[in-house]
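Since the structure comes first, as structure tokens, the remarks are kept for the end.
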Amino acid sequence: MHVLMTADTLGGVWTYTRELVTVLSGRGIKVTLVSFGEIASGAQSAWLEDLSGVSYYPTAFRLEWMQDAQPDLEQSADFIRALIAETKPDLLHLSQFFHGAIKVDLPRIIVAHSDVVSWWVSVHGAEPPDSEWIRQYRGNVMAGLAGADLVVAPTRWMLDQICRHYGEPKRKAVVYNGRDPQLFSPQVEKEDYAISVGRLWDAGKQATLLLRDDLPLKTILVGPEQSPEGIIAYAKSMGRLPNLQIMAPQAEPQLRELFARASLYVATSRYEPFGLAPLEAALSRCALVANDIPTLRELWGEDAIYFERNNPHSLVLTIQELASNPSQRSEYAGRVLARARRQFNSERMAEDYLQLYRSLVPAEVQAA
């Protein structure tokens with residue numbers, strides 16, 4: 001089978017793509033991969049070098065949520081059509097809604113990793129205000145979804161949001177994201193600190209919940225500060241935020257090392273279609289302290305410990321509970337590790353996608 005897959009290089013979609021393509025390649029699936037957003041760096045694309053049956057086409061076409069993206073979207077669709085004519089794939093696996101509307105006679109899957117409207121509603125409590133840009137964005141998303149044979153989302157919650165805001169697709173499915181457990185080090189001895197990953201300026205990640213003078217445990221927040229006029233640095237100079245350490249974005253090996261030694265991961269997001277960072281922390285045997293939102297409940301069930309939704313005081317009390325009870329902390333860390341290995345590994349994710357591919361591609365093509 002030959003799959004043409006699209007991705008972007010700006011966030012978690014690239015990690016998801018790396019995990020999926022690596023397993024598919026190992027199972028003999030030919031993959032033509034096209035990336036958008038920015039040209040992948042050498043470090044980002046190094047994983048492709050040793051894979052058999054994978055051809056990679058990096059581009060810098062804008063993504064559909066970006067301002068003034070329409071010309072790039074149309075040019076990227078032309079590029080994909082030309083690539084289809086050249087490479088003759090059996091199936092399209094698309095991570096941009098817009099490309100679902102491409103006029104080609106091939107089965108196609110659209111993966112709804114996230115979208116602007118559900119982000120806005122989660123953050124602001126209402127749909128985005130009307131504008132020419134949001135009308136065009138909605139139109140692009142709806143046209144792409146209407147052209148898809150199958151719409152996949154990484155959680156039931158995310159799939160429900162897509163149906164709510166853009167209408168029911170022809171066919172839909174949930175495939176949970178997965179990571180390779182062998183990349184992580186759960187056996188490392190733990191230290192007394194918590195970790196979180198997020199951008200202070202991103203209202204969806206809501207890392208600002210950690211801006212507390214009363215954090216009961218040293219907490220490392222990994223991500224660019226970008227606070228107005230250096231507010232965090234000023235607060236630190238005045239003796240504030242004593243247990244919060246902000247660390248610049250880390251390369252993956254360094255981040256995995258931080259996860260390996262951390263006792264807790266704090267998931268503060270108010271908008272989270274899936275959440276790869278909590279998964280990586282769970283595979284590193286970090287107990288999860290999670291905002292009580294539907295996605296995190298769906299994924300982690302009773303194996304995480306939740307604080308009252310968006311409540312910073314409740315967050316502090318929950319961290320305190322685990323910080324003062326090492327045996328409970330160890331129990332919950334073991335539970336999320338077992339759950340992550342069982343339900344959210346890359347082999348299981350790839351097998352779920354292969355079953356969907358087989359349901360769309362004629363049997364004679366699969367047997368060729």
Side-chain angles (χ1 to χ4, degrees), residues 12 15-16 18-20 22-23 26-27 152-159 173-198 217 219-220 222 252-253 255-269 272-307 315 318-355:
T15 303
Y16 152 92
R18 182 180 66 199
E19 293 281 4
L20 179 56
T22 298
V23 179
R27 297 197 184 187
V152 173
T155 52
R156 291 190 301 273
W157 180 85
M158 188 65 221
L159 190 58
V174 171
V175 176
Y176 292 127
N177 292 341
R179 291 287 267 138
D180 180 355
Q182 296 183 32
L183 294 172
F184 302 91
S185 304
Q187 74 283 355
V188 172
E189 185 176 353
K190 293 297 184 179
E191 299 178 14
D192 284 331
Y193 70 84
I195 189 168
S196 189
V197 177
L217 187 68
T219 302
I220 297 173
V222 179
E252 284 198 32
L255 187 57
R256 286 198 294 266
E257 183 178 339
L258 288 168
F259 284 149
R261 292 185 288 110
S263 295
L264 306 177
Y265 183 87
V266 185
T268 58
S269 296
E272 194 65 270
F274 182 84
L276 283 174
L279 171 56
E280 293 166 358
L283 288 169
S284 305
R285 197 169 53 87
C286 299
L288 295 185
V289 174
N291 196 13
D292 197 354
I293 61 173
T295 311
L296 296 177
R297 280 279 182 185
E298 175 184 340
L299 294 173
W300 300 107
E302 297 306 311
D303 295 328
I305 295 182
Y306 300 89
F307 62 92
L315 169 59
T318 306
I319 294 175
Q320 177 64 58
E321 176 186 352
L322 283 180
S324 61
N325 192 332
S327 61
Q328 183 188 37
R329 188 171 67 200
S330 179
E331 176 196 347
Y332 276 91
R335 285 165 58 171
V336 293
L337 173 61
R339 189 183 190 97
R341 285 175 163 174
R342 182 177 64 251
Q343 296 188 24
F344 309 125
N345 65 78
S346 52
E347 290 285 344
R348 189 240 5 112
M349 173 178 66
E351 182 56 40
D352 288 351
Y353 274 111
L354 279 170
Q355 290 183 23

Heavy-atom closest contact (Thr15 atom, Glu252 atom, distance): OG1-OE2, 4.4 Å
Least distance between heavy atoms, Ala277 atom then Val197 atom: CB-CB, 4.1 Å
Test item: Thr295 side-chain N/O and Phe274 main-chain N/O as donor-acceptor pair under 3.5 Å: no
Asn291 versus Thr268, closest heavy-atom pair with distance: ND2-O, 3.5 Å
Rounded distance [0.5 Å steps], CG in Asn177 versus CG in Asp352: 11.0 Å
Spacing of CG belonging to Leu217 relative to CZ belonging to Arg329, to within rounding of 0.5 Å: 7.0 Å
Interatomic spacing from CG in Leu299 to OH in Tyr176 - rounded to 0.5 Å: 6.0 Å
From Leu255 atom CG to Glu280 atom CD, the distance as rounded to the nearest 0.5 Å: 6.5 Å
Considering all heavy atoms, the nearest Pro181-Arg341 contact: CB-CG, 4.2 Å
Check: Val266 main-chain N/O paired with Ser196 side-chain donor or acceptor under 3.5 Å: yes
Cation over ring face, Arg297 and Tyr306, 6.0 Å, 45°: yes
Under 3.5 Å: donor-acceptor pair, side chain of Tyr193, backbone of Leu258: yes
Ring-face cation contact, Phe259 with Arg256, 6.0 Å cut, 45° max: no
Candidate pair Trp300 and Tyr332, rule ring pair (Phe, Tyr, Trp, His ring centres under 6.0 Å), full reasoning: CA-CA 11 Å; Trp300 300 107; Tyr332 276 91; over 10 Å; no
Residues Glu351, Val175; criterion side chain to side chain contact (heavy atoms under 4.5 Å, CB included); working and verdict: CA-CA 10 Å; Glu351 182 56 40; Val175 176; over 6 Å; no
Ser324 side chain vs Gln320 backbone, donor-acceptor pair below 3.5 Å: yes
Donor-acceptor under 3.5 Å (Thr219 side chain, Ile195 main chain): no
Which atom of Ala267 lies closest to which atom of Leu296, heavy atoms considered: CB-CD1, 4.0 Å
Check against salt bridge (charged side-chain N to carboxylate O under 4.0 Å, His left out), Arg18 and Asp180: CA-CA 10 Å; Arg18 182 180 66 199; Asp180 180 355; over 6 Å; no
Side-chain touch Met349/Tyr16, heavy atoms, less than 4.5 angstrom: yes
Interatomic spacing from CZ in Phe184 to CG in Leu337 - rounded to 0.5 Å: 11.5 Å
Interatomic spacing from CG in Leu264 to CD1 in Ile220 - rounded to 0.5 Å: 12.0 Å
Whether over 12 other heavy atoms sit under 6.0 Å from Gln187 CD: yes
Glu298 side chain to Arg156 backbone, donor-acceptor under 3.5 Å: yes
Main-chain N/O of Ala282 paired with Arg339 side-chain donor or acceptor, under 3.5 Å: no
Residue pair Arg27, Glu347: steps toward the side chain to side chain contact (heavy atoms under 4.5 Å, CB included) verdict: CA-CA 10 Å; Arg27 297 197 184 187; Glu347 290 285 344; 2.8 Å; yes
Tyr265/Val336 under side chain to side chain contact (heavy atoms under 4.5 Å, CB included): CA gap, chis, key distance, verdict: CA-CA 11 Å; Tyr265 183 87; Val336 293; over 6 Å; no
Ala333 backbone acceptor or donor facing Arg285 side chain under 3.5 Å: no
Atom of Lys190, atom of Ala260 and distance for their closest heavy-atom approach: NZ-O, 2.9 Å
Glu19 and Leu276: CA distance, side-chain angles, deciding distance, side chain to side chain contact (heavy atoms under 4.5 Å, CB included) verdict: CA-CA 12 Å; Glu19 293 281 4; Leu276 283 174; over 6 Å; no
